[in-house]
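Beneath this line is the structure, given in structure tokens, with notes to follow.
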Protein chains: 2
Amino acid sequence: MASAPLSDDSRFGLRRQVRLTGPLRLDSGAALVPVDIAYETYGRMNEDKSNVILICHALTGDQYVASDHPVTGKPGWWWRMVGDGKPVDPARHFIICANVIGSCMGSSGPASPDPATGEPYAMRFPVLTIADMVRAQALLLDYLGVDRLAAVIGGSMGGMQALSWPTIFPDRVESCIVIASTARHSAQNIAFHEVGRQAIMADPNWRGGDYYADAQVPSAGLAVARMAAHITYLSEAGLTEKFGRRLQGRDAKTFGFDADFQVESYLRHQGLSFVERFDANSYLYITRAMDYYDIAEDHGGSLATAFAPSRARFCLVSFDTDWLYPTAESRIIVHALNASGAQASFVELSSPFGHDAFLLECPELNRVVDGFLKGGRA
Amino acid sequence: MASAPLSDDSRFGLRRQVRLTGPLRLDSGAALVPVDIAYETYGRMNEDKSNVILICHALTGDQYVASDHPVTGKPGWWWRMVGDGKPVDPARHFIICANVIGSCMGSSGPASPDPATGEPYAMRFPVLTIADMVRAQALLLDYLGVDRLAAVIGGSMGGMQALSWPTIFPDRVESCIVIASTARHSAQNIAFHEVGRQAIMADPNWRGGDYYADAQVPSAGLAVARMAAHITYLSEAGLTEKFGRRLQGRDAKTFGFDADFQVESYLRHQGLSFVERFDANSYLYITRAMDYYDIAEDHGGSLATAFAPSRARFCLVSFDTDWLYPTAESRIIVHALNASGAQASFVELSSPFGHDAFLLECPELNRVVDGFLKGGRA
């Protein structure tokens with residue numbers, strides 16, 4: 001496997017990027033060549049390479065799990081979980097987080113140049129699956145000389161990758177932590193994603209995906225997609241607690257269509273700030289991968305069959321107010337793990353914050369992850 | 001109150017429309033002149049005018065509660081509840097259903113001509129409230145010679161109007177049936193509506209609302225708005241039961257962006273068919289009215305105070321899988337009614353169909369409405 005040196009692409013503020021020749025065979029039958037992967041690492045690999053933890057990111061996440069984001073300047077998206085004195089600690093672990101393929105932070109995606117033409121792939125980029133993202137991560141591990149993961153950890157779409165790892169590479173995973181996630185996308189999950197995709201494709205700037213040549217990107221459609229999705233990340237109770245029906249810097253309704261309510265203003269901000277850091281085509285590709293995700297479907301309809309070859313320990317965490325991937329979805333996974341004879345622990349945590357709880361202050365989550373990692377070799 | 005004769009506008013297929021001179025004073029401080037109201041009636045008013053039932057429609061509903069829709073040709077939206085041998089029966093009741101102001105089926109709305117210019121109001125139409133819709137209905141009752149309603153009935157936004165009626169006209173309502181509704185719009189309710197409005201306003205064809213002069217209407221934005229809203233009308237379990245992850249007329253995934261899943265195809269159809277019968281600006285105005293809706297807020301923060309002047313009997317119905325206006329919202333109303341000393345019955349019905357259950361086959365709902373109406377004078 002050939003590779004390019006570490007990159008220092010100031011456009012992305014990338015710290016580490018590798019070009020792997022592949023080819024990466026995809027579930028669609030297509031092959032991806034080359035395979036660029038942008039990643040961050042923290043800590044050092046120990047001599048017996050037994051301290052490696054792979055962290056998988058969510059739909060709109062990135063490799064900057066514990067580093068400032070190069071575009072927004074914000075702290076890493078999981079600084080509460082990863083860092084000095086945290087459950088995932090660079091003093092003890094060699095931590096890897098890679099941008100998923102299909103995304104837009106340095107790994108191969110629709111904005112990458114198509115080697116056949118030199119022009120951006122746009123919608124000519126092959127449709128991916130969660131398993132394809134995992135196989136790309138495995139290529140990166142090969143490149144880094146990592147055979148086995150002490151742990152693979154992820155929340156939301158990161159949890160989908162984490163859960164897929166032992167089903168695809170049963171010999172390479174010792175433990176697996178899956179937070180606020182699911183073993184398959186439900187009809188309602190697919191429906192929300194389809195709304196987002198339709199919003200993007202309805203934006204005249206989208207132009208079939210070929211918008212990279214100028215500054216006219218489908219921002220309006222992508223912002224609407226983000227707004228719709230963002231509602232699903234929060235609980236009804238959390239929204240009520242945070243915003244209720246409070247008005248936006250005024251004492252009375254304006255009887256107009258400006259953002260009267262704080263929740264409107266908040267959502268608009270979420271939409272507008274998102275388009276500054278994310279590519280609309282990547283949003284299409286990654287949501288599609290999530291919708292295609294169904295581990296049981298890929299194993300003759302049996303989730304237990306999927307896990308059978310693995311000897312990994314599993315830790316499942318759900319949140320009681322998460323209605324995107326509710327606790328029932330984690331229970332389905334736990335039942336399958338039990339049926340497959342796997343060692344599995346499961347806890348439902350209480351939080352007012354819905355699906356997003358895994359990204360927010362949650363000492364119980366840190367205790368669960370810390371205890372689980374210390375209970376194993378990691 | 002002057003009025004124009006019944007209309008026979010073939011464009012809308014209207015059967016009854018009246019032009020009332022008003023003025024209708026609105027909550028915003030503006031006045032609406034004239035006030036066009038399109039309505040349907042069924043049955044005959046009895047001699048003592050004691051058999052009048054007003055039915056209020058939901059966000060995208062209309063006056064065709066039990067008549068074929070003139071655009072779609074489909075049966076009236078509540079034919080299961082209204083008709084011969086049904087709980088609301090033209091053999092016994094004089095039934096009125098009027099298109100709400102702000103809508104687009106013949107009542108005054110943004111597509112109506114602004115008398116100041118002769119051009120469509122578009123976004124110069126005044127912003128409305130649910131109470132304004134109710135006051136317009138009262139104008140229609142005045143015109144029809146109806147002093148008192150034996151019952152006012154509505155589901156969803158229709159329930160908001162029904163619940164508002166005794167708070168605004170305590171002497172004109174004898175009983176009130178509120179189904180799958182709420183006394184105020186929550187932050188999550190507002191958030192979903194805001195996504196819809198942003199989708200419409202992001203459509204370049206929207207043009208600040210001035211799109212009536214040509215055929216370039218903001219269909220794409222309105223379709224996205226409808227798709228997002230439609231998800232909230234269905235339960236997760238109902239979507240799973242109806243569609244699950246079933247593919248659309250194919251055996252395998254296409255690894256593309258066409259509608260692979262049946263639920264995608266269904267949602268796209270919902271969006272596309274909606275734009276043929278609904279005006280985007282009306283969608284903006286009516287969602288705004290719903291977001292402004294908070295009966296307690298209009299009565300010093302006390303819902304019980306709002307109901308205190310009324311001596312109406314109340315019947316509240318919720319559905320266990322309705323996550324748009326969940327049972328907890330109906331309970332809040334019932335508690336306030338109890339505190340105000342009102343006679344109130346309440347039942348949570350079980351249905352797999354979420355919010356939309358009130359429009360679908362539900363014999364229990366018919367039994368509840370029938371029993372409640374027969375328990376009173378109606």
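Remark: B:Leu272 CG to A:Gln198 CD distance equals 8.0 Å, nearest 0.5 Å. Going from atom CE of A:Met123 over to atom CZ of B:Phe257 covers 4.0 Å, rounded to the nearest 0.5 Å. The CZ atom of B:Phe261 sits 10.0 Å away from atom NE2 of A:His185, with the distance rounded to the nearest 0.5 Å. Taking CE of A:Met227 as the reference point, atom CZ of B:Arg197 lies at 9.0 Å (rounded to 0.5 Å). Within the model, atoms OG1 of B:Thr129 and NZ of A:Lys253 stand 8.5 Å from one another, a figure rounded to the nearest 0.5 Å.
Interface remark: B:Asp203 contributes no atoms to any contact with chain A (heavy atom separation under 4.5 Å). If you measure heavy-atom distances from A:His230 to chain B, you find no contacts under 4.5 Å at all. Neither the backbone nor the side chain of A:Asn189 comes within contact range of chain B; no heavy atom of the residue lies under 4.5 Å from a heavy atom of that chain. Proximity to chain B is absent for every atom of A:Gln262, based on heavy atoms less than 4.5 angstrom apart. For a residue to count as touching a neighbouring chain, one of its non-hydrogen atoms must lie under 4.5 Å from one of that chain's; by this rule B:Val263 touches chain A with the side chain only. Using a 4.5 Å cut-off between heavy atoms, B:Phe192 contacts chain A through both its backbone and its side chain. Residue contact with chain B, scored on non-hydrogen atoms closer than 4.5 Å, is absent for A:Arg246.
For the residue pair B:Val195 and A:Ala228, the shortest heavy atom distance occurs at CG2-N, 3.7 Å. Scanning both residues, A:Gly244 and B:Ala187, for their nearest heavy atoms gives O-CB, 3.4 Å.
Ranking A:Ala202, A:Ala220, A:Ser235, A:Ala191 against chain B, the residue ahead of the rest is A:Ala191, based on heavy-atom pairs under 4.5 Å. Chosen from A:Arg245, A:Met201, A:Glu194, A:Arg184, the residue pairing most often with chain B at heavy-atom distances under 4.5 Å is A:Arg245. Note on B:Leu239, B:Leu234, B:Ile231, B:Thr240: by heavy-atom pairs under 4.5 Å with chain A, the leading option is B:Ile231.
Annotation for B:Arg124: atom CZ counts as buried by contact number, over 12 foreign heavy atoms lying within 6.0 Å.
Contact annotation: the side chain of A:Phe255 approaches that of B:Asp27 to within less than 4.5 Å [non-hydrogen atoms, C-beta and beyond]. A:Ile190 places a side-chain heavy atom less than 4.5 Å from the side chain of B:Glu264.
Heavy-atom neighbours of chain A within the stretch residues 284-294 of chain B, taken at a separation under 4.5 angstrom, comprise B:Leu284, B:Tyr285, B:Arg288, B:Asp291, B:Tyr292, B:Tyr293, B:Asp294.
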